[in-house]
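Reviewing the structure listed below.
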Amino acid sequence: MSENVVHLHKPTDPPTNDAAPTVLTVVPDAPPAAPAPLWVRSGRAVKSAVTHEITKTTVRAVARHGLYTFNGGRIVARRTWDGKTGARYERMIRTAEAAGNLEAAEEWEERLQRFRAARHHRRMDLLHSPVEAAKGIAVGTGVSIGVLVTLGVVMAINNHDVTDVITPLKATIEFIALLIRIVQVVWGPALMIGPFLALLALWAVGSKQQAAPAWALPDNVRSGEGEPITPSIVVKALRDLGIPALRNAIKEMGDAGASMLGPIRIAGCGVEVDVTLPSGVSTNEVQGKRRKLAENLTRHEHEVFITIPEAARTVRLWIADSGALDEPIGPSPLVTDETPTANYKTGKAPWGQDLRGDAAALSVYQRHLLITGLSNQGKTAALRALALWLAFDRTVEFRIADLKGVGDWDMFDGLATVLIQGPTDDHVIQATEMVEGLVAEMERRLQAPPGTVFTPLVGIVDEAQVAFMCPAKDEDRRPYGGSKATSRYFMAVRKVHNQGRAVDVTLWEGTQDPTDQNLPKLVREGAHTRASLVLGTESQACMALGDKAVNGGAAPHLLRQGLDKGTLVVASDGIEIPAGQASITVRTHYISTDDAKEIAARAKALRDGVATLHAIDRGEDRDPLADIAAVVGDAPRVRTKDVLVRLATLNADAYGGWSFIDLKRVLDDAGAEPYKSDGVMVVSRDRIARALANRDADGSASAAE
């Protein structure tokens, strides 16, 4: 309430006496606003009452229970009609005809004819039933009276009282009279209560079927969380997709729309069902409505997968249990198994689980690999998990370039013969020369005598987009990056892709979201195994996996960034994919960096020791004996063949053309001659160390003199 202001002032004309009185004038505040009209206040009250939560809840409850009763009556009437007529069989016939299944249509038509014949027989029996019933009643009554009289005679003889002859008959008549009186008493209330019981029965039927609109159902029912998938739910979801031809076909089928569905099978943390679409509906129309279909099934979009099986005009739906895909899948067998084994040629890497919950294993034998995805979604972890498994095959040699350089591949120090880590142009140059070293080794193997057995050589380039986008050029002005024929990295990758697998030289690449700039088309298509984490757009998905896989249902662009880390969509013949599908979704096991170091330590224990080069030297002044010592590393002895390969990797210009004779000449001159061990020529670490020590001592002595 506003306060009044009191002003003290003198009057304009002073009074005649000497004392000038003070006049008090009360000046009120602005007048209060007039009250709103009655019709406005009434409208507000009505609006408040209508929009109040209690009012809305009450309206929903009244509508829900009323519709339960009404629709329950419809359901009972429909069931009664189906039981008395051939409507069910006719719907089945129309469904089979719509699906083009003439054999099923003929079978249902036969059943309809048998039903009609049986119904006709029952109706003919009804024509004769009154006469037969009357005869039966007359005969039955006569027999019953005869039995009662006979019983009375027996009682009269026993009791010596002739009146007992009619005692059983009299008792029966009195019992019938009692029943009539009971019916007379109960009949009135039954007529009053009967309709209510009938309505209650109809309500129970409607309630069980949830026969009310979604807006009228309770919140816990409308949410649909965890609702089991049934044929009727799938049919309704398909009917409401907004595809006219599909809706009309299901409408013609009536309740028999479920005949479109194959058996609903439990598949891992969800269910799987094949849907044969009616004529006029294409599979890509259903694929394009994935989000709406998922919502109709009370699922999130990422919880429904649509693929195309072998059968024509069929889509395969995999529907996850609500929230199941957000649960972890458990540790990798590499972490839990203390003695894992690997075989490059015949083995498969334990990579994770498919959506059915089955183990997903990948064969890497003679397959180039490409993994793409947005940043920080698990690309390096997925790539590293494969390499960690393969490290348990002692025959495999790794050459690794990590163009991110934050230590994700540190554990391969002592496993890989080359380990380059860093994001600079100089690291890209070294990675390029590493891949060119793969090319040189590939060409050497291709020119080897027929029947020569080669050990597997795997090159890994993580964050390969850094190499493709590198602006550096060599002394001949050839760019290291780019996608032209002058690009050194691009051409080296292409050469490995073209012929490397024939001699067990393969290349694995990991790259961020693919575009034509950071992942050229020829490189993408050269990979035998293509896998993708979450991507931003469908066009990127096509670049990552190929148009065929995306058209077949692969959708890495529909995965959730940040929530589906480690979930890969894989297109490869190296992994078991259900028949008719072009890809498979794999939830990969996550192996932390600490676990990866422990696994790598176990793999190192299986090997004699690998000298890891952290940079590829390009200088002209070489010290062959020091370089031999560097590539031998901590291993007690290394085969001369392996030493030659490592030297060529260290500096192709200086050692690329070396043969065993050149290596033997340097070692003989230094007094560290190679020797045979277990039938093969090896180089001794201790002999080289003594030769270097003696050489350094001689140099020091000469200097002292």
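Residue numbers run from 1 in the order of the sequence given.
The main-chain N or O of Q421 is never found under 3.5 Å from a side-chain atom of W409 such that the two would form a donor-acceptor pair. In this structure a side-chain-to-backbone donor-acceptor pair under 3.5 Å is missing from R316 to T307. Looking at S487, its side chain does come within 3.5 Å of a backbone N or O of G481 through a donor-acceptor pair. At least one donor-acceptor pair under 3.5 Å links the side chain of N518 to the backbone N or O of T515. Formation of a donor-acceptor pair under 3.5 Å by the D393 side chain with backbone atoms of Y344 is found in this model. Remark: side-chain polar atoms of D476 are not paired, donor with acceptor, to backbone N or O of R478 under 3.5 angstrom. E443 places no side-chain N or O within 3.5 Å of a backbone atom of A440 that could act as its donor or acceptor partner. Side-chain N or O atoms of R587 include none that pairs as donor or acceptor with a backbone N or O of G566 at under 3.5 Å. No donor-acceptor pair under 3.5 Å is formed between the side chain of D504 and the backbone N or O of P456. Of the possible polar contacts, none joining the T372 side chain to the P514 backbone as a donor-acceptor pair under 3.5 Å is found.
For the side chain to side chain donor-acceptor pair (under 3.5 Å) condition, the pairs that include at least one residue of residues 560-571, sequence neighbours left out, are H302-R560, D326-R560, R560-D564. Sorted by first and then second residue, the side chain to side chain donor-acceptor pair (under 3.5 Å) pairs with a member in residues 593-606 read S592-D595; sequence neighbours excluded. Within the structure, ring pair (Phe, Tyr, Trp, His ring centres under 6.0 Å) pairs that include any residue of residues 521-558 comprise H368-H528 (at least two apart or interchain). Residues in residues 358-371 take part in these salt bridge (charged side-chain N to carboxylate O under 4.0 Å, His left out) pairs, two or more places apart or across chains: R367-D573. Listed by first then second residue, pairs satisfying ring pair (Phe, Tyr, Trp, His ring centres under 6.0 Å) with a partner in residues 384-404 read F398-F412, not counting sequence neighbours.
In this structure, the side chains of L446 and M442 come closer than 4.5 Å at one or more pairs of heavy atoms. Side-chain contact between S532 and L545 is present, with at least one heavy-atom pair separated by less than 4.5 Å. At least one side-chain heavy atom of L558 sits less than 4.5 Å from a side-chain heavy atom of R290. Contact of the T529 side chain with the L370 side chain is not registered, since no non-hydrogen atoms from C-beta on lie closer than 4.5 Å. With contacts defined as side-chain heavy-atom distances shorter than 4.5 Å, the pair R524/D516 qualifies. Within the 4.5 Å cutoff, no side-chain heavy atoms of I400 are placed close to those of V418. Using a 4.5 Å heavy-atom threshold, the side chains of L438 and L457 count as touching. Within the 4.5 Å cutoff, the side chain of L522 has heavy atoms near those of the R494 side chain.
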**OP:** Please report the C-alpha distance between K289 and E285 in whole Å, then the side-chain angles of each, then the deciding distance to 0.1 Å, and finally whether the salt bridge (charged side-chain N to carboxylate O under 4.0 Å, His left out) criterion is met.
**Re:** CA-CA 7 Å; K289 300 276 188 177; E285 286 182 283; over 6 Å; no
**OP:** Could you walk me through whether L277 and V286 pass side-chain contact (heavy atoms from CB on, under 4.5 Å), step by step?
**Re:** CA-CA 9 Å; L277 301 176; V286 177; 3.9 Å; yes
Original post:
Taking it one step at a time, do T585 and L568 satisfy side-chain contact (heavy atoms from CB on, under 4.5 Å)?
Top reply: CA-CA 6 Å; T585 301; L568 284 166; over 6 Å; no
Original post:
Stepwise, does the side-chain contact (heavy atoms from CB on, under 4.5 Å) test hold for I306 with L317?
Top reply: CA-CA 5 Å; I306 306 173; L317 307 181; 3.9 Å; yes
Original post:
Between V645 and E441, does a side-chain contact (heavy atoms from CB on, under 4.5 Å) hold up when you go through it step by step?
Top reply: CA-CA 8 Å; V645 172; E441 173 63 15; 4.2 Å; yes
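Contact between I460 and L507 at its shortest, heavy atoms only, is N-CD1, 4.4 Å. Nearest heavy atoms, K348 versus A361: CB-CB, 3.6 Å. Between G562 and Q377 the shortest heavy-atom distance is N-OE1, 3.0 Å. The two residues T336 and P331 make their nearest non-hydrogen contact at CG2-CG, 3.7 Å. Contact record, V631 with A611: O-CB, 3.1 Å, taken as the closest heavy-atom pair. Listed here is the closest heavy atom pair of G414 and T612: N-OG1, 2.7 Å.
With values rounded to the nearest 0.5 angstrom, I420 atom CD1 is found 10.5 Å from D402 atom CG. Taken to the nearest 0.5 Å, the CD1 atom of I577 stands 6.0 Å off from the CD1 atom of I584. Note: Y480 OH to D426 CG = 9.0 Å, rounded to the nearest 0.5 Å. Annotation: the span from W318 atom CH2 to D354 atom CG amounts to 9.0 Å, rounded to 0.5 Å. Atom CG of D321 is separated from atom CZ of R299 by 6.5 Å, given to the nearest 0.5 angstrom. Here the OG1 atom belonging to T395 is positioned 7.5 Å from the CZ atom belonging to R607, to the nearest 0.5 angstrom.
Remark: R501 pairs with no residue by the salt bridge (Lys or Arg N to Asp or Glu O under 4.0 Å) rule, at least two apart or across chains. For P520, the side-chain contact (heavy atoms from CB on, under 4.5 Å) test picks out F468, S483, F490, V523, with sequence neighbours left out. In terms of the side-chain contact (heavy atoms from CB on, under 4.5 Å) criterion, residue partners of T417 (sequence neighbours excluded) are, by chain and number, E397, R399, V610, R646. Shown here are the salt bridge (Lys or Arg N to Asp or Glu O under 4.0 Å) partners of D642, two or more places apart in sequence or in another chain: R639. Not counting sequence neighbours, D547 has no partner by the side-chain hydrogen bond (donor to acceptor under 3.5 Å, both in side chains) test. Among residues two or more places apart in sequence or in another chain, the side-chain contact (heavy atoms from CB on, under 4.5 Å) test is passed with V550 by E538, A541, C542. With sequence neighbours left out, A381 forms a side-chain contact (heavy atoms from CB on, under 4.5 Å) with Y590.
A salt bridge between K292 and E295 is absent, with no side-chain N of the basic residue lying under 4.0 Å from a carboxylate O of the acidic one. With respect to the salt-bridge test (charged N to carboxylate O, under 4.0 angstrom), the residues R488 and D474 qualify.
Residues E463 and Q465 bring a donor and an acceptor atom of their side chains to less than 3.5 Å of each other. A donor atom on one side chain and an acceptor atom on the other are found under 3.5 Å apart for D462 and T380. Side-chain atoms of D413 and H614 form a donor-acceptor pair, as typed in the model, at a separation below 3.5 Å.
Among the candidates L261, V275, D240, T230, the single residue satisfying the side chain to side chain contact (heavy atoms under 4.5 Å, CB included) test with V235 is L261.
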